[in-house]
Amino acid sequence: MKKFVLREDSSQKPENYSIPYEDLLNSAQYEAVMHDDGPALLIAGAGTGKTRTLIYRVARLIESGIDPSQILLLTFTRRSASEMLKRASGILDERCRRVKGGTFHHFCSKLLHENAEKIGYPENFTIIDASDAMDTIHLLRGQLRIEKNRSRFPKKSTLYSIFSSSINKQLSIEDILDAEYPQFKRHTEAIEQLNDNYQSYKEQNYVMDFDDLLVKTRELLHENSSVREFISSRLKHVMVDEYQDTNKLQAELTQLLSSVHQNVMAVGDDAQSIYSFRGADHTNMLDFPDQFAGTKLIKLEENYRSTQNILNLANSVLEQADQKFDKTLYTEKEEGDLPGLVKSANMNDQSRFISQMILNLREQGRELADTAVLFRNGRDSFDLEVELNKKNIPFIKYGGQKFTEAAHVKDVLAHLRVFINPMDTISWNRALMLIDGIGPKTAQELFEWAQQSSEPFHPDRSPAASDRYLKQLKALSNLFADLKANSGAVTEQLRSVVDYYSTFCKKRFDDHPKRMKDLEAFVDISGKYSSLEKLIEEVALDPIEATAIETETAEKDESPLVLSTIHSAKGLEWETVFIMQCLDGIIPSGYALDDPDQLDEELRLLYVAITRAKEQLFITYPALFQSHYGDYFSNPSRFIEEVEDEKLEPWLLVEESSNSIEGNEAQKELPNS
């Protein structure tokens, strides 16, 4: 008998990798990158190189012989997945671009489209965003006989939040009302009925909201073992970034998707879990070792962003948390300046200090864009914005309306949604209600006829079509004909809708030139979408941020200062950071004081804000707080009140003309404005 000896594949040995991983990574990062089989939990403190570690892990798995298409990288935004895979390709090769990357919602959407018949949906079902979901709920609410004038019934946005919280937190409507909306308890039965009607409406009209993408995928994988095994067997390695921001559904999906190979790595920082209002559950990280037997725990604690003095303050704040993984951030960077605790007499003095300090930093050569002012709520910066405008300091404020939430963009998208899915009642209603003379009753008659007709894209042939608006209905029918004629040519299809809509835009909006500019820009970028279905889905799942109607063009000789809520600042960093209005009742919120879990999250919020700073950090608060309810004396946040002066240096503001004030507190002059 002849023998043939199969040699071990030497390319898979560490010494034969093309990338010198051990030289490029610290010991903890290297341990995570080289982890092979079985579950692992990577606890990555703020600024510790989490993204770098994930990028090198993707490259290392591929170098080890793993087929890129059998690697799943789930991230908080689709953009971050794309950027990671682009960087991985840069350090290895183009194989990295074949990795499955994206958000839970994107990946679930793909699975559902591929398996639509198994869940009773057509393949061309459409996805509605939060705004469309609220409009749907509002429409259904109007069909219920709800007592009026007796007591307030929730608004459509509140109802949507109640329904979504129930799904993401895996709690009943009644439990959500008990915990978060006790003022609406007397309407429990009506709200439950409305929720049932909303779920039925979506199934009857073949639409899904964001929550459905997760729920339906869980159902698909739970109820179809062959589908689950087929999908999970082809995912040899599953990595989930920002695991502290996942909800219960996403944690369950992580288990289902990795059920065959069990090679799952969750990456995140429990200390940066600040999105419970969206359903995020930081206990997903804390419970991970119990849910995945044999989990390997790896901690990234070396920080590459901040000075040690800033980290000392962050560590002191984090020590106060009740539920956490123990970790201590450290750095090889210099100690740097002590963070400053700046007490001002009132809110205006706080604004004067921040604006004058920003001007001082600019005089020292610091770019405005290297500085950020962070706050708990958008309204907290109103007084500061007035002061910045007085001093002609340009700024940009994060947290505005997204492009696809603007009325004119939603109008255009509604026509495209109808063309893709004629069962989409809300989109039909929006498109028809633009036409002069058509009200809610007529619109309903028209779209009900269309949904039952063999020629839904000819509303002009409906018995409900009156001579008063027949010409406009014929124009709408012609638009649908153009869309069909240009099938596959996304830019031409979108151009047809924008041209049709331009007349309505001019009638509806005084600022129609700006809105048409938005739509022209939309047409320009539409060529990147492979189909109309892809365009509709992508803008729903990954909304475009900017819109011309909220941004005035201005001649600026430098990039603007950044104003941002702390929630919007997560993941970002600046040389200098101001955390303003850091007083009890705001950080932490007064609503969280009686709830230990919420109080812990408020503490994590402050930790996130502190760790955005690289070189300088100022925490400010006014001694006298002014609100609509009157003025009152305030205290600094309880999270920093007991921090030693050696970690947080007190500053005292002194007017330029004042006599010097004796004391141990550092004195800083505040010139008259």
Problem set entry | N-O pairing of Lys441 and Glu445 below 4.0 Å | yes

Exercise. Do Leu583 and Pro622 come close enough that some side-chain heavy atom pair is under 4.5 Å?
Worked result: yes

Residues 114-124, side-chain donor-acceptor partners within the protein, below 3.5 Å, at least two apart:
from, atom 1, to, atom 2, distance (Å)
Asn115, ND2, Leu111, O, 2.8
Asn124, ND2, Ile420, O, 3.0

Exercise. Can you tell if the side chain of Lys50 reaches within under 4.5 Å of the side chain of Asp241, non-hydrogen atoms only?
Worked result: yes

Problem set entry | Side chains of His282 and Gln272, donor plus acceptor under 3.5 Å | no

Problem set entry | Test salt bridge (charged side-chain N to carboxylate O under 4.0 Å, His left out) applied to Lys202 and Asp424, Asp132, Asp212, the passing residue | Asp212

For this session: State plainly whether the residues Lys324 and Asp600 are in salt-bridge range, i.e. N to O under 4.0 Å.
Result: no

Problem set entry | Asp270 bridged to Lys327 by N-O distance under 4.0 Å | yes

Problem set entry | N-O pairing of Asp436 and Lys507 below 4.0 Å | yes

For this session: Would you tell me whether Glu242 and Gln244 have side-chain atoms, one donor and one acceptor, within less than 3.5 Å of each other?
Result: yes

For this session: Among Thr75, Leu249, Val240, find the one that has a side chain to side chain contact (heavy atoms under 4.5 Å, CB included) with Phe104.
Result: Val240

Problem set entry | Pair Glu537 + Lys110: basic N to acidic O under 4.0 Å | no

Exercise. Taking side chain as C-beta onward, heavy atoms only, is Leu432 less than 4.5 Å from Leu476?
Worked result: yes

Exercise. Are Glu641 and Arg638 close enough for a salt bridge, meaning some N to O gap below 4.0 Å?
Worked result: no

Tabulate below the donor-acceptor pairs under 3.5 Å that side-chain atoms of residues 588-598 make, not counting sequence neighbours, or state none.
from, atom 1, to, atom 2, distance (Å)
Ser589, OG, Tyr591, N, 3.1
Asp595, OD1, Asp597, N, 3.0
Asp595, OD1, Gln598, N, 3.4

Exercise. Looking just at side-chain N and O atoms, do Glu533 and His113 make a donor-acceptor pair shorter than 3.5 Å?
Worked result: no

Exercise. Taking the side chain as C-beta and beyond, is there a heavy-atom pair between Trp449 and Pro463 under 4.5 Å?
Worked result: yes

Problem set entry | Lys185 atom NZ, neighbour heavy-atom count above 12 within 6.0 Å | yes

Problem set entry | His567 NE2: over 12 foreign heavy atoms closer than 6.0 Å | yes

Exercise. How about Thr283 and Asp281: does a side-chain donor come under 3.5 Å of a side-chain acceptor?
Worked result: yes

Exercise. Who pairs with His415 by ring pair (Phe, Tyr, Trp, His ring centres under 6.0 Å), at least two apart in sequence or on another chain?
Worked result: Tyr500

For this session: Please state whether the rings of Phe153 and His187 are parallel, tilted or perpendicular, taking 30° and 60° as the class boundaries.
Result: perpendicular

For this session: Verify the neighbour count for atom CZ of Phe325: are there more than 12 heavy atoms of other residues, nucleotides or ligands below 6.0 Å?
Result: yes

For this session: Would you please indicate yes or no on a ring centroid separation below 6.0 angstrom for Tyr275 and Phe76?
Result: yes

Problem set entry | No-hydrogen, no-angle side-chain donor-acceptor test under 3.5 Å, Asp209 and Tyr198 | yes

